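What follows is a single structure, written as structure tokens, with notes after it.
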Protein chains: 2
Amino acid sequence: MSTLENNSWQNIQGELSRRIIMRVWQPGEQIPNEADLAVEFGCARTTVNRAMRELANAGLVERRRKAGTRVALNPIRKATLEISITRQEVERRGAQYSHILLERQIKRPPRLISSQMKLVDKAKLLQLKTLHLADNQPFMYEDRWVNPDAAPEILQADLSEISANEWLVQNAPFSDGDISFFAINANKKEAENLAIDEGTAIFIIERMTKMGETAITLVKLAYAPGFKMHTTI
Amino acid sequence: MSTLENNSWQNIQGELSRRIIMRVWQPGEQIPNEADLAVEFGCARTTVNRAMRELANAGLVERRRKAGTRVALNPIRKATLEISITRQEVERRGAQYSHILLERQIKRPPRLISSQMKLVDKAKLLQLKTLHLADNQPFMYEDRWVNPDAAPEILQADLSEISANEWLVQNAPFSDGDISFFAINANKKEAENLAIDEGTAIFIIERMTKMGETAITLVKLAYAPGFKMHTTI
DNA sequence: ATTGATATTATGTATGCACATAATAAATTG
DNA sequence: CAATTTATTATGTGCATACATAATATCAAT
């Protein structure tokens with residue numbers, strides 16, 4: 001097969017990844033340099049470079065200056081999860097969204113929380129407990145701590161109208177954060193709120209967002225049984 | 001602050017995302033076009049384009065030809081999960097990896113499985129049940145179906161030496177697949193294998209990989225309690 | 001006014017060239 | 001021969017230019 005006149009970096013990326021996936025180029029093997037490939041494909045080196053760059057951050061190849069490019073030994077595939085706000089998540093399932101603010105108080109958090117958020121021990125936080133509903137059925141129970149220093153206006157916000165989740169997304173920009181996913185047996189409180197039996201396995205997402213070094217919010221989301229997080233690779 | 005002589009697309013990306021995060025440019029707001037920004041930053045339009053492109057697939061801005069670029073209304077942050085092989089996952093935790101092949105048989109799968117893999121009903125599959133250990137403690141229990149049409153050599157492979165997981169990664173290239181994450185209460189079999197009580201909440205990853213339209217393998221990974229999947233955004 | 005053709009505009013891509021940078025290989029020096 | 005310096009090489013980036021493409025705006029004709 002002649003690969004000439006496959007200009008456009010997309011086509012070239014396609015052909016390159018085909019060769020890798022079909023093992024034309026074996027894992028660990030060095031592949032031709034950009035200049036040579038440019039000649040083969042009848043295009044500029046820049047174009048090959050663009051295609052290669054995409055392959056590199058897809059994890060299919062590893063590149064090092066002077067050393068060249070080689071097929072990744074164990075191509076670490078990356079799945080990407082979209083972190084959207086709960087209302088959208090519910091509406092995407094074709095259900096009607098609503099939420100109830102169950103608790104709202106300002107107090108000193110447990111040690112575990114303040115250390116996780118790297119706050120001084122005496123700092124007071126806003127604690128919010130919210131139940132998210134899909135078609136009036138419990139969908140997710142949210143237990144959130146907010147650092148009022150990082151987002152003072154939230155103390156005035158009416159969080160029964162707009163959920164804390166949504167308010168923060170719109171009003172409290174964050175630079176980075178981390179997320180954990182795990183499973184737990186529902187405790188009494190969680191079971192009560194989600195209207196399930198105590199001990200039922202529930203899916204948990206724990207997320208902390210920060211602005212630079214300052215923690216903005218730490219939240220634990222407990223999804224009702226049957227929830228599946230899905231994505232493609 | 002003069003933003004002149006901030007060449008290099010990284011610096012420009014940094015400055016642009018700073019303006020977005022700091023709400024200099026509000027969500028939904030249209031931002032200056034590439035040509036104007038190129039003038040402001042004293043660089044070529046190509047360079048601004050590069051920076052913008054990165055912001056776009058980070059989900060911070062939305063771009064449309066002629067319409068221009070605007071700050072994303074609800075910046076959908078994407079978390080990326082690295083799908084690595086279990087041995088590496090265990091070793092990264094500083095534990096010693098081992099695995100036991102518990103069952104190996106060729107049979108017709110349940111309807112649910114064959115429909116999920118989009119196979120004809122009468123197709124036979126290789127079923128493999130593997131227990132993965134970290135420092136000789138149960139770490140994860142794997143229940144896997146492999147389509148021998150897609151990877152015939154696996155029938156000859158010695159899967160007590162190298163795990164099916166690892167064998168497939170190295171020998172059966174895939175083009176795409178999908179993953180689900182959820183929580184279940186351990187059934188009798190899972191409890192037994194993971195040495196836990198029946199009903200304990202366990203974290204499940206279900207993954208199917210395909211080569212084009214052909215399903216290669218469908219696997220259900222049941223992680224021992226305490227497992228947390230972690231990433232950053 | 002609605003429809004349809006045409007111009008305009010911002011982003012998207014390709015190219016040739018130049019130079020920067022990191023890593024390696026080769027050459028030189030003690 | 002080991003250690004250090006100096007070339008060499010492949011990727012990384014920036015720029016000017018050109019043209020492609022998609023979406024919108026403008027204008028003409030019915």
Side-chain angles (χ1 to χ4, degrees), chain A residues 2-17 19-20 24-73 75-76, chain B residues 2-17 19-20 24-73 75-76:
Chain A
S2 161
T3 55
L4 286 178
E5 62 204 308
N6 283 17
N7 44 342
S8 115
W9 69 268
Q10 274 108 336
N11 291 341
I12 291 172
Q13 190 198 341
E15 172 60 16
L16 295 177
S17 62
R19 292 189 191 176
I20 293 168
V24 177
W25 291 326
Q26 303 281 323
E29 184 181 336
Q30 180 135 1
I31 74 184
N33 70 37
E34 294 183 350
D36 291 349
L37 287 170
V39 172
E40 184 194 346
F41 292 120
C43 68
R45 184 173 77 87
T46 325
T47 309
V48 175
N49 182 277
R50 174 75 191 270
M52 284 290 211
R53 206 167 0 109
E54 303 287 333
L55 291 179
N57 52 20
L60 268 171
V61 300
E62 283 165 11
R63 329 192 68 197
R64 267 167 47 232
R65 279 167 167 159
K66 162 83 181 177
T69 304
R70 47 185 64 242
V71 179
L73 260 177
I76 294 174
Chain B
S2 162
T3 55
L4 286 179
E5 63 202 309
N6 282 15
N7 46 344
S8 116
W9 68 267
Q10 334 249 16
N11 291 341
I12 291 173
Q13 189 198 343
E15 173 59 16
L16 294 177
S17 62
R19 292 189 191 177
I20 292 169
V24 177
W25 292 325
Q26 302 282 322
E29 183 180 337
Q30 180 135 2
I31 73 184
N33 69 38
E34 295 183 347
D36 291 350
L37 288 169
V39 172
E40 185 195 344
F41 292 121
C43 68
R45 185 173 76 85
T46 325
T47 309
V48 176
N49 182 276
R50 173 74 191 269
M52 283 290 209
R53 203 163 6 105
E54 303 284 334
L55 291 179
N57 52 19
L60 266 173
V61 299
E62 282 165 13
R63 328 193 68 197
R64 266 167 48 233
R65 280 168 166 158
K66 164 83 181 178
T69 304
R70 47 185 64 242
V71 179
L73 261 177
I76 294 174

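Every value quoted in this text rests on a predicted model; they were computed, and no experiment measured them. Note on naming: letters A, B, ... go to the chains in the order of the sequence lines (proteins, then strands), and numbering restarts at 1 for each one.
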Quiz item: Distance check: side-chain N/O of B:R64 vs OP1/OP2 of D:dT24, anything under 4.0 Å?
Solution: yes

Quiz item: What integer distance in Å separates A:K66:NZ from C:dA22:C1'?
Solution: 10 Å

Exercise. Mind grabbing the angle between the end helix axes of the helix from C:dA1-D:dT30 to C:dG30-D:dC1? Five pairs an end, 10° rounding.
Key: 0°

Practice problem: Kindly state which residues belonging to residues 44-63 of chain A come within less than 4.0 angstrom of DNA chain C, counting heavy atoms of the residue only, listed by number. | Solution: A:A44, A:R45, A:T46, A:T47, A:R50

Self-check item: Qualifying residue for side-chain contact (heavy atoms from CB on, under 4.5 Å) with B:F41, from B:T47, B:L16, B:N11
Solution: B:L16

Quiz prompt | Candidate nucleotides C:dT11, C:dA14, D:dG14, ranked by approach to the side chain of B:N33 - the nearest | solution = C:dT11

Quiz item: Is the closest side-chain heavy-atom distance between A:T69 and A:N33 below 4.5 Å?
Solution: no

Quiz item: B:W9 CH2 to D:dC15 P: how many Å, rounded?
Solution: 14 Å

Quiz item: Looking at CG of A:N57 and CZ of A:R53, how far apart are the two atoms once the value is rounded to the nearest 0.5 Å?
Solution: 8.0 Å

Quiz item: Does the distance from a Lys or Arg side-chain N to an Asp or Glu carboxylate O, for A:R19 and A:E40, drop under 4.0 Å?
Solution: yes

Quiz item: At under 4.0 Å, does any side-chain N or O of B:Q10 touch on OP1 or OP2 of D:dT13?
Solution: yes

Quiz item: If every non-hydrogen atom of A:P32 is compared with every non-hydrogen atom of A:W25, which pair is closest and at what distance?
Solution: CD-CZ2, 3.7 Å

Exercise. Tell me, with the steps shown, if A:E34 and A:R63 meet salt bridge (charged side-chain N to carboxylate O under 4.0 Å, His left out).
Key: CA-CA 11 Å; A:E34 294 183 350; A:R63 329 192 68 197; 2.7 Å; yes

Quiz item: Which atom pair, heavy atoms only, marks the closest approach of B:L55 to B:S17?
Solution: CD2-CB, 3.8 Å

Quiz item: Contact class for B:Q30 (heavy atom, under 4.0 Å): base, sugar-phosphate, or nothing?
Solution: nothing

Quiz item: How long is the line joining CZ of B:F41 and C1' of D:dC15, in whole Å?
Solution: 17 Å

Quiz item: When the distance from CZ of B:R65 to P of D:dA25 is rounded to whole Å, what number comes out?
Solution: 18 Å

Practice problem: Examine D:dA10: is either OP1 or OP2 under 4.0 Å from a nitrogen or oxygen in the side chain of A:T69? Give yes or no. | Solution: no

Quiz prompt | Donor-acceptor pair, side chain of B:E29 and main chain of B:Q26, under 3.5 angstrom | solution = yes

Practice problem: Please name the pair of heavy atoms, one in B:Q13 and one in B:A51, separated by the smallest distance, quoted to 0.1 Å. | Solution: N-CB, 3.7 Å

